[in-house]
Amino acid sequence: MVVSGSDLQTQLRKFLVELPARADFEFTKATKHDLYRALYVAITNQGQHLTSLFPDISIDELDQLQSQQLQFPLSLEPPFKVFYNTLKQTKYTHLPDKACAKVFAENEAVYCCQDCGFDDTCVLCGYCFNPDDHVNHNIYIYKSTGENGGICDCGDEEAFVEKLHCKCQIPTEDEPETIQEDVSELAPYLRDTIAVCLDYILDVLNMSVLALPMVHDKIDSSGTITTKTYSDNAVLSPSKRYGDTEDVNSDEWLLILWNDEYHNLQEAIDSINAGTGVGDSKASEIAYKIDKEGFAILKRDPHFENVFGAKILVEQGGLIATVESSRDHFREEIVKYMFKWFEEILNFKGNVEFRELCKHVFCELLLAPSHEVSTSVDVEPFKSGSLSDHDYFINGFQYQGKFKDAGLTRINPDFVDALEHPISAILDANDDPSTISHSRLQYLLAYQIRLRKSIRMKLGSLLVPCLVSEPDTKMEFSKQFIEMYPMLLNMMALTDREEHLNLLADISSQIFTCPNSVQYILREDLLRNIIGPLAALIERTSTVYNEKTGYHSFYDIGINSQKKRAIKLAIKYAIGHLTHFASSGLAAGEIKAFMNDDTFRLYILLLRNFQSYLLMKRKYGDHVERDSDDFMLHLNFFFPVVLEVKQVVELQYSNPKLVENAEVLMKYLFARPIEFSQPGVVKFQVSKEQISFANPLHSLLSFMIEYHGINQFIPTLQSYSQKLVEIADISLRSVVLGSQIKVGFWIRNGLSATHQSKLYFSSKTCDVTYYRDFHIVQIAALFGNDPQKTLTNILDRWELLPWFLNQVSYSQTIYEERFVTISERFIVFIYNLITDRTFLTVETPTERARRMLRTAMAYRLCREGKSYTFLRYKIESNLPTEEIDKVLYSIADYQPPSSLTDSGLYRLKEAIYEELDPLSVYLDPSKFQVISESIIKNVARIRKIKEDDVIIQPRITRANYDLVDNNIGQFVKTQMFAKLIYKFLQVAIDTSDETYLPQLLHLIHAILLDDELIHGKEYLNPYFVDIPISDLLLTIVESKMSKYVIQKADYLVDLLVVKDKRVLESLVDCFGEDYIQSYKKRKSALFETEVERKKRLATERANRIMRKFSRQREQFLSKNKDLDADLDNDDKSEVEGHLRTCVLCGEQESVDSPFGILASSTKAATFWKIPTSKHDQVANAYKKWDKSIAYDESATTYGVGYHFNAENDVPFEFPVVSTCGHGIHYECYKRGSTGLTHYPCPLCHDLHDMFIPSYIPSATNRISDRFLHGEPQFTRYNMITHCIDATSKINNVVSSLINEEYLNTEQQFDAHRMVLSTVLTRIPDRTKYGTGNTKSESYFYLLLAYSELIANTIRMNEIATRINGEEAYSNFLSQFSGSTKTLLISLVQGRALAYAKRDSPALLGTEALFQFEAERFWDSDSILDSVFNDLVALFFQTGESLATLTTMGMTKLLAVSLYSILFSCANNPGYEQYFVSETDVNIPDKHLNLFKGFLFQVTEMMEIEVKPVDSQVVVGLYLGIEHLMGVFLRQVVILADLLTSQVQGENMYESQPQFANLQAAIEDQSRVDCTDALTASLSVPSFNQLINTLLTGDDSSFENKIFEVTFLSKIPKYFEKGILNLNSPGMVHLITLPHDYNASLLNASDSNTHDKSICLFCSTWISNSRQPSHMATCASHTGIFYTPSTNTLRLNVHIGHSRIPLDLEGPYLTVHGEVKPRRTKLKATLNEFRYLCLNKLWLNQGLYGFVTRNLFGARTVDDLLGNDGNTSPFEDDSEDMDEDDETEIRGGIFP
Ligand SMILES: [Zn+2]
Ligand SMILES: [Zn+2]
Ligand SMILES: [Zn+2]
Ligand SMILES: [Zn+2]
Ligand SMILES: [Zn+2]
Ligand SMILES: [Zn+2]
């Protein structure tokens, strides 16, 4: 009995019921305001705390609310400013002990932690995610689509395995927690108000039935009630809940058109026009409104008949319209705004406590049981005749105040053993109405289809988050949901016009993913509420009865009506729901419910819908079937069902109920009618009759027997031994069907058949399809008691019996020319039946899974190494990852990645090859050949024998169960089978067709082996003697068949002969005595006596020795011949051996035609300067080189980039050149590049933009010692820089580096001049110091730029060597590749020629000496970037020796660096701290004291007050300066080595001893960073000698003069020009990255960075779109960015002015050497090899080549530059990887 509650409730109800009439039945904006006002007045008990909830409410407004309460006059217009619209926005938070449940908006970041979350659906919002909770965890962040109703799970204890510390609960300093008013005293009013609203909503919906299909179809027709009468009666009953109010109906009628997702827009517009005649544009406006809101009012009229007439017109096109009174419609508007109001208070932003209180009360009221609606609607008059239970059920009507539960969930006791009947006979509805709680929620679920679209769309996110946010509520919610499930499923399928909005999906995705709920449902035996109704729904709506099978078979009902679409979707959903209950994680032990008597029977009823469904029949003739996609049914319905079967049985493998249930199942299967052609042999023809692949019940039976263990079923199976064939034949038919399709026998049936057979055998699914059928056939063969019958039946099913019985010849079978291919598959099938007994072993599911996995992996790896992910993707296993890895490691070895883009590989261990069998059941028969070859190759390699001697052994996998092992092969040991073999052999010999021969021989081999295993080595099956198989084998040996076949046949003859003497007799009979004697001789080992054997062995040994001798002699002879040939060749010129070949034309280079190498000019950003103010980079610059600086395993955060945030803007980018080293003729280059600047090397595809001429070096001449080590000619700094007498030195360089033949005559050289001049115009930065006023000044600058290009390229390469860490101190010379050396030598050649040949008109045209130009330049304000640049420039300009210039450079460098460092120390207190050295550096006191003294002298000169006295600082300064000196000396050494190397071949050089031995000399020093070995190799004073000279030597010495000028004149002069900016001697590298991938994500997880990339040069975070503008201010030429969220690197290079990006996956790799797959728990760390490789490529400009090479392949540059970005250059060809493997290597294990 409904009673009215408090006074407040009474008042509010009265307000609501009277509102329509008071508002003249028109719901306006003002009505909405009045409604909200009433609700807020009620919920705050007339305005209490209203100021706290709505701070902006005015005093007047408040006064009014409080005085008028609910008796306020209705507004005409809503006020301009409404209090409830001005909510205060506070920082987002939720109550500490409550769940967050924030619904994700579109594009909001969703945080997921795989270590903390219960599963992948457990996520956090950005407000709750606290990085501190997830250190070292696997996290990922993605953007929400905002569509699937995802919520933040923070605070849900079930969602996380660990307690999390919600970030929004931690007060931030800048936002002190606002204290919110305590509103708890509002609780009772809250309850009253929400209750009234909910009740009102349900009462209105209870009556709102007009659009329900059944009502809509019947109402207003004869014999039923009319809409008008119905509406007049539909009053909110005054007698009950709504007290003394009066609910008057309006006398205005509305025509309402409802949303319909099935009809398209045009159809809607036409219908609207038909009913209203409004015209197309208005009609389409209305149609859009319907799409948004779910309905539209088409017409209003006081006369019902007018509206009704229009309704008929509108509905002609199939749309749904209703006629409603204005009052009824008004009530629905109130309902709409009540939902909106709920949405508002349940997400109330102004007061957290209020919001949480509302949620709590809302849930409580929703879930409270035993609700009743105020009016009981009399539904009987809706239909003439009475309504069935089903009608009540699917429309959500109540019968006597209760829902009718007509879900078929109970087995009728009379039909427990008669499951073959229609489901309506077997199943009963639940007739106990008390099983449904009748809560408000359940009413709402039943009424959801009566709501309009706009409300339905939001209903899920309104209800579900609240209801699941607390465990108790969630449990009650689950219970009530599953009670309603049968009704909801049926409603969704049958009555819902908007099935995709049905809450079934929203709710089940929450409830069925929760272990507690799932286990509750299983425990309470409520699984029947899903299985029963689902089975019934399928049978009723989507099956056809097949008389032959006796089954109602599932079929595709199509989607050509809304109704069919809804049915299909509902079935698909429910099948999906069921899978949750078979998940071990969710269901745990409760999964046993599946084996309950009734549930198991229900399960059979469900599966039987798919038993033999999708029947097909072979088509004949020319007609080609229109391709059908009905195989999609397999994917969408069948496989989910049958995979679940496996899972259920696997998890219940030890349940003893399996035996009992298997009998129930078998009894049901025996009920299928089967015809016999003779006892034990079934009458059926695969190629003639209807047949199907789907045997889910067979799969169920097979799994039950396999998992529980065959030994448990022996009595059962034996008792049915006669009948088993009836079950097995169904399986056998599918196997034959699949095989026939595979050999092309069903070609007319088109793609559907092909796809189905593919799925049947596919590695991913065959464990639930093909293997099951295989297993069932095996069982029948094992327990059937007549082997002959078994074989006959199998042969008959394969349609080979007529041939076997000699009724037709091999060429006349139904297969015709396909006889050999179908025979091949038949033979393999038989082979597998007897050899693979793994499904008949007794093992646990884990053992099984391990074994299956091992086998599958071994065959996958058989041919080549594979990556870890490939294996994991191809082979599914439900074993935990550690187990999978263990299995993998046991059979394969790891090979790490070896480039920037490849991945680690696993290769099969050698020993495993011996276990493989090319006919394994895990392989498709078509793989026989390739797998055989691979096994033979590897076994030969492992055993070190010839491939010809490898005979692959059949692998018999024993069941280790005698009953199985001794009997499985019975049917092949029969005389009948021996005959069969004979016949097969005979056909092969007659036709010389060996298609199936290797397999047949392997089968014979296997039968012999099996007999050996049972009876011992000596045994031979007598039928193998009786039937002269050996004769045919020997015939094969004598034939011209392929090697492998002959060898195997030979081997088998041997086996037979050894086993039984009679075999030999038979052979003699057949082949004659003579022949067999010669055979015996060949096979002497088989027949001889011991004496004979020894004699034979002795002879063989003697022969072997003789052969060895003769081989040696032959070799000796052939060697001499070679030697002679070599001598002949020696006449030719020595040079030729070193000549390069052109990559385009393949001709060798010659002095006649210009030749060169391809080079690219880039800007290297590696010329780092040391900050002169305090900065982390100062310390880094002086740090000893160490690999861990660039790749730090302990790094947990991102490193700081170059000059990040520093004020320093000294240039650090200079042009350099790099090359792939490949040579090309100039003419060929011109031809190939067709005049374009950018040209990819024809050989390696690296892009190049320069041609650098390269000359054959001189064979004999060496650079004169004078120019290397000579004494200074001048001693004054300026005199040296002004000196221009380079002519003799340059001539010497030219003659020592260039073959004299080029220069024999001027005519000879002519060809080269033009090339040289063209190349000079490509020198970058050639006008950097000025364009020059005269021709010769321009030329001087050009030569200077050329020198600088050489200097910078040497420096760039030297800097690149440092990334190798400590070893780089000594091995830097050997790190230079031959091609780099070639490039540098070519540059030097060109630089020398450009001077020596300047008089050529093509060049300068005069022999100018540049005296004026040199003076002018060196006296100008310009300075070169480093002392080494000075040295190179002066080397080519002056006559001074390299040693002189080196000493000068050292002195200058000493002066500048000391000045710079001391100056920085003086100006930046604490700067000297960067120089505090480690204490254990061993520098002799002698040297330190000298240095100290010198330091003192310098500080005096600089007049610096504070002097470095701390001895550790002095040591640090000593080392620092020496480091600066060291890199300069290294650069000089590189130059000197270039000048003196001897060419040995293409890109091969031999250094002079002092450089060749330098590495050892450096390593021999007490410190590797000591410079003594470097100075010694250059024959210049050492660092200490230099200091000594400067401190104690003669003031007029060379060094002293240079030092003084530098210190006193040059530094002051160039002070402003940046002379004090020192080049960093440190390890230049990309920023260090966190070692762990998750740390890289976590460090970038806040809202600022989570979707950005970090610049690896300067460590700035930037969005992808801003990368180009960032590069303009950062490293401009080459940019490298790392994006943590995707674990990718983006490389940007420039081709001309175009920026070309290339994305590289994963600097972070897993332990398997692969990019971390997204959302897996695999740990990924920064791969050392890759990161250092990237650094190296960045340092030596290899990135340019790398990117362009990866971009182009064979494409041309213009294709790329010209493309508009639509075509991606990164076409992924990995898609078609091993398409065949997919289907043909089996071993799939499905979880
Ligand atoms: Zn949250
Ligand atoms: Zn939280
Ligand atoms: Zn975590
Ligand atoms: Zn060429
Ligand atoms: Zn190349
Ligand atoms: Zn940057």
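Start at 1 and go down the list; that is how both ligands and their atoms are numbered.
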Subject >> Derivation of the ring pair (Phe, Tyr, Trp, His ring centres under 6.0 Å) call for Tyr127 and His94 >> reply: CA-CA 10 Å; Tyr127 300 103; His94 56 88; 9.8 Å; no
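Under a 3.5 Å cut-off, the side chain of Tyr1239 and the backbone N or O of Lys1230 do not form any donor-acceptor pair. The backbone N or O of His165 sits less than 3.5 Å from a side-chain atom of Asn130, completing a donor-acceptor pair. Side chain of Glu1213 to backbone of Ser1676: a donor-acceptor contact under 3.5 angstrom is found.
The closest approach of His1225 to the Zn ion (ligand 4), by N/O/S atoms, is made by ND1.
With a cut-off of 2.8 Å, the Zn ion (ligand 2) has no N, O or S atom of Cys168 in range. Coordination check, Cys154 versus the Zn ion (ligand 2): passed, since an N/O/S atom of the residue sits under 2.8 Å.
At the Zn ion (ligand 6), the angle from SG in Cys1658 to NE2 in His1670 is 100° when rounded to 10°. The angle that Cys166 SG and Cys128 SG make at the Zn ion (ligand 2), rounded to 10°, works out to 110°. Take the Zn ion (ligand 4) as the corner point: the lines to SG of Cys1228 and to SG of Cys1142 open at 110°, to the nearest 10 degrees.
Heavy-atom contacts from other residues, nucleotides or ligands closer than 6.0 Å to NZ of Lys474 number more than 12.
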